[in-house]
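For reference, the structure discussed in these notes is given below.
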Amino acid sequence: MKYRIGVDIGGTSVKLGAVDAEYNVVEKLRFPTGRDCTSEQIINGIIENCKILIEKYPIEAIGIGSAGRVDPVNGKVLVAGNLPFVDEPVTLKVGKALSLPCYIDNDGNCAIIGEKTAGACKGCNDVLIITIGTGIGGAILINDRVVRGHNNRAGELGHFVIDMGGLECECGLHGCFEQYASATSLIEHTAEAAEKHPESIIAKESASGIDGSTAFRSAKLGCPVAKQLLDEYGKWLAVGINSLVNIFQPEMIVLSGGIANEGENLLSLIRPYLRPEANVTVTKLKGNGGIIGASLLGTPHGA
Ligand SMILES: [Zn+2]
């Protein structure tokens, strides 16, 4: 059996895996990244970790998904917020070092390629994926093709405005969807609520640190403050999703990212506010969607 390597370059770590012909990640490795790393360190890290997998499996190609602006035709990461890449010819360096075909695409596009081939929207031709994390990313699939825009920058599903004159966004607009519906926003509201209601369950749960799951955990323990905060969060998320449904009328919208691990607890928050035709679900591939999708670049699935 032939295997392919999928590499998922994120703002805090690089995950890579050997993927078999049935889209299973048979072995997974990871190493940390960040603003302190040089691009050389990250690329060498990818090469060294790929070598570990190449020794064990008959690898035929390597696919890389990266955060930031990617030029898949020329194999470059042009710029990426939390990463040191500037006009970096990643596929040239990795492919040459390992003597294997190497492909690259944006991480959102890799996620949707993974989901439509092996995940929650298998068999669907018109799908959106919304990745909820530090910000909100995403990708658009229409007629089974990834929509790229003329400059490969389409699919910025976190950056349409849902509150004109609202919170300033680093993209230069005000009131973007991600300012209200990202994990960062939920974490900020959790911290505010904990401070405002020091006797609440959410305050106690926040004492040892806050992440995207703190409010969900507190609500499960019966905290009314957390329940109200999550209801508000669900409303913002649904507002954005409803607009996307009106524009694209997708068969399905797949939510991914850390918050999507909440599964039905997340879906039940947004359901009361969704348009009737909105078919929203969560990723089935958990943390592996980006790796599986990247591994399919350079195949008919990866177009
Ligand atoms: Zn924005």
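Everything numeric here is computed off the predicted structure, so don't read it as measured data. In what follows, every heavy atom counts, from backbone to side chain, and hydrogens, waters and symmetry copies are set aside. We count ligands from 1, going down the list as the structure has it; atoms in each ligand are counted the same way.
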Checklist entry - Can Lys2 and Glu60 be counted as an ion pair, charged N to O under 4.0 angstrom? => result no
Checklist entry - With a 4.0 Å cut-off, would you call Arg271 and Glu264 a salt bridge? => result yes
Checklist entry - What do the steps show when you test Ser39 against Glu88 for side chain to side chain donor-acceptor pair (under 3.5 Å), and what is the final call? => result CA-CA 8 Å; Ser39 52; Glu88 187 65 52; 3.2 Å; yes
Checklist entry - Which residues and atoms, counting only protein N, O or S, are under 2.8 Å from the Zn ion (ligand 1)? => result His159 ND1, Cys169 SG, Cys171 SG, Cys176 SG
Next on the checklist: Taking side-chain hydrogen bond (donor to acceptor under 3.5 Å, both in side chains) as the definition, give me every residue that meets it alongside Asp87, ordered by chain and number, with sequence neighbours left out.
Outcome noted: none
Checklist entry - If you round to the nearest 0.5 Å, how far is OG of Ser206 from CD1 of Ile210? => result 4.0 Å
Next on the checklist: Check this for me: does any side-chain nitrogen of one of Lys93 and Glu40 sit under 4.0 Å from a carboxylate oxygen of the other?
Outcome noted: yes
